[in-house]
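This report concerns only the one structure given below.
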Amino acid sequence: MSDNNATGLRDFIDWVQQRNPHEPEFNQAVRELASDIYPMYTEHQGWRAAKVLERLSEADRIITFRVCWEDDHGEVQVNRGWRVQHCGAIGPYKGGVRFHRTVTVSVLKFLAFEQTFKNALTGLPIGGGKGGSDFDPSGRSEREIMRFCQAFMDELYRHIGENTDVPAGDINVGRREIGYLFGHYRRLVNTFSGALTGKDIEFGGSHVRMEATGYGLIYFLRCMLAQREQELDGLSIAISGAGNVALHAAQKATHLGAKVVTLSSSQGTLFSKQGIPCEAIDRAIEQSGSTTDVLKTIQSDCGGDWLKDEKPWGQRCDVALPCATQNEIDADDAQALADSHCQIVAEGANMPCTEDATRLFKENKILHAPGKASNAGGVALSGLEMAQNASFSRWDQEQLNDKLLEIMQDIHAQCIQHAGDEDSYKDYHRGANIAAFQRVANAVMAQGVG
Ligand code: NDP
Ligand code: 2IT
């Protein structure tokens with residue numbers, strides 16, 4: 001990067017930091033994208049004059065609201081809810097809802113920012129948004145979860161709609177929560193519409209949506225391997241998390257002949273040197289309850305070691321798939337992966353690697369796919385659910401799986417096109433950021449200042 005560009009980038013990063021103090025995750029996400037696209041950005045007079053990057057660093061709007069509900073003891077509980085509508089330039093705002101005690105406006109702003117660029121990579125007409133609450137569902141009863149979802153929707157319903165903003169699931173928001181959210185939305189507006197995705201198949205949901213993020217991640221991984229003339233069969237894979245994304249990634253990987261050596265939760269890691277069997281993963285997907293309980297069941301059925309409070313990254317593996325949460329891989333974890341000769345890191349979670357970890361992977365020539373590319377299968381299938389709802393139709397499983405595969409292959413091709421080839425190393429972050437930014441920036445430009 002030229003000296004001028006480096007100064008311009010630093011000034012831009014400082015400007016974002018000053019406007020968004022105390023929001024480390026949001027600043028991180030903007031910094032990561034800006035660093036990759038800045039040289040291209042400065043060469044484009046039109047984008048610069050229209051301040052496209054500066055505009056995209058500010059959400060279209062952020063809605064903050066109180067969520068008030070009664071627990072099973074009749075005690076009133078007060079939580080906070082948000083919806084960040086980041087960019088509507090290429091379609092209705094689209095992105096998940098997260099319920100977790102760590103949810104802050106910074107976390108949701110980073111997720112909505114990433115979502116805009118991820119959604120652009122899918123090639124579908126969907127803008128970027130994200131929502132959630134600091135509500136902690138662990139230990140809450142089914143009735144409490146339902147009441148919370150209804151209280152959350154009591155405010156959210158005013159801001160969403162099939163052509164406005166279409167929420168879906170994320171951490172701690174799965175099929176059950178989407179059912180409660182959708183039911184309450186339908187009753188409030190007295191309209192049956194596709195205003196949420198991830199619905200049950202019986203009321204407007206799509207085949208393959210539940211599996212899509214994890215399966216899409218493995219399809220993307222296969223493209224990365226094919227690029228190096230390698231195959232998945234026989235490789236050892238360390239996966240973090242044991243939720244929707246992690247388990248479906250594990251299921252597809254084992255079906256394709258890989259050995260999944262770890263899964264994890266916030267309490268620790270299940271390690272199995274010989275690999276967690278397919279049937280155990282299939283059963284885990286059907287099991288309800290905490291993800292730690294799911295892992296303990298696998299252990300009691302099939303063996304393996306429970307590594308309390310440990311992350312998976314100390315185990316030997318060829319491929320690492322972080323599928324839990326942001327910044328779960330730090331520099332020490334990245335060094336451990338490099339020391340164990342891990343060759344590929346593909347992100348199922350959103351921004352699971354710290355900037356130091358990302359730098360370390362690049363220095364060690366470990367291929368590293370960013371979530372906005374490798375986990376885009378989930379939102380892509382959500383886009384296909386919207387298309388089915390809008391056309392009052394239902395597509396079959398095979399057709400949807402083929403479309404998912406095609407979309408992931410196309411995202412991989414977009415990454416490669418812009419990844420560069422320094423010492424034959426493919427920089428997937430750069431590739432994804434450039435391809436996504438071009439699409440969003442052109443749409444923003446074409447629609448004038450506003
Ligand atoms: P789930 O709620 O189904 O599972 C989350 C898993 O991650 C659980 O095993 C959970 O463990 C673990 N986890 C969550 N937070 C932490 C934490 N702070 N520290 C350690 N472990 C943690 O969520 P999903 O599988 O849907 O989402 C996982 C990731 O994938 C998220 O980053 C999400 O944004 C991303 N993603 C999800 C998509 C989707 O379609 N669902 C699409 C694209 C990306 P525990 O239960 O113990 O908390
Ligand atoms: O991070 C994500 O892409 C999701 N949680 C899925 C979003 C969606 O709208 O399906």
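No experiment lies behind these values; they were computed from the predicted model shown. Atoms within each ligand, like the ligands themselves, are counted from 1 in listed order.
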protein heavy-atom neighbour closest to atom 10 (O) of ligand 2 works out as Ser382 OG, 2.6 Å

Can you list the atoms of ligand 2 that are under 4.0 Å from a heavy atom of Ala168? 8 (C), 9 (O), 10 (O)

Should the proximity of Asn350 to ligand 2, defined as any heavy atom under 4.0 Å, be assigned to the side chain, the backbone, both, or neither? side chain

From Tyr180, Tyr157, Phe65, Phe135, residue fulfilling ring-ring contact (aromatic ring centres under 6.0 Å, His included) relative to Phe152: Phe65

Are any of the side-chain nitrogens in Asp165 or Lys94 under 4.0 Å away from the carboxylate oxygens of its partner? no

Near Asn172 (heavy-atom distance under 4.0 Å), the atoms of ligand 1 are 2 (O)

Nearest heavy atom to atom 44 (C) of ligand 1: which of Gly348, Ala349, Ser374, Gly371 does it belong to? Gly348

Ignoring angles and geometry beyond distance, decide whether Ala246 reaches within less than 3.5 Å of ligand 1 through its nitrogen or oxygen atoms. no

Shortest non-hydrogen contact from Trp306 toward Gln299: N-NE2, 3.5 Å

shortest atom 6 (C) of ligand 2-to-protein heavy-atom contact is with Arg209 NH2, 3.6 Å

Contact (N/O only, under 3.5 Å) between Thr213 and ligand 1: yes

Close approach, Gly371 and ligand 2, non-hydrogen under 4.0 angstrom: no

May I ask you to decide whether Lys311 forms a salt bridge with Glu328, counting only side-chain N to carboxylate O separations under 4.0 Å? no

Candidates Leu337, Ile366, Val319 - the one meeting side chain to side chain contact (heavy atoms under 4.5 Å, CB included) with Ile344: Val319

What about Cys323: any of its N or O atoms under 3.5 Å from an N or O on ligand 1? no

Which atoms of ligand 2 sit under 4.0 Å from any heavy atom of Gly96? 7 (C)

Ser340 and Arg316: which non-hydrogen atoms are nearest, and at how many Å? O-NH1, 3.7 Å

For ligand 1, is there an N or O atom under 3.5 Å from any N or O atom of Gly169? no

On a heavy-atom basis, the closest approach of Ile90 and Arg439 is CD1-NH1, 3.9 Å

Any N or O of Arg209 that comes nearer than 3.5 Å to an N or O of ligand 1? yes

Tell me whether Arg83 is salt-bridged to Glu155, with the criterion being a basic N under 4.0 Å from an acidic carboxylate O. no

Contact atoms of ligand 2, heavy-atom distance to Lys130 under 4.0 Å: 1 (O), 2 (C), 4 (C), 5 (N)

Closest heavy-atom approach to atom 47 (O) of ligand 1 among Gly241, Ser266, Ser290 is made by Ser266

State whether the shortest distance between N or O atoms of Gln267 and N or O atoms of ligand 1 falls below 3.5 angstrom. no

Give yes if a backbone or side-chain nitrogen or oxygen of Asp170 is under 3.5 Å from a nitrogen or oxygen of ligand 1, and no if not. yes

In the protein, what heavy atom is nearest to atom 9 (O) of ligand 2, and what distance, to one decimal place, separates them? Lys94 NZ, 2.7 Å

Can you name the atoms of ligand 2, numbered from 1 with element, that are less than 4.0 Å from a heavy atom of Lys118? 1 (O), 2 (C), 3 (O)

Pairs of nitrogen or oxygen atoms closer than 3.5 Å, one from Thr291 and one from ligand 1: do any exist? yes

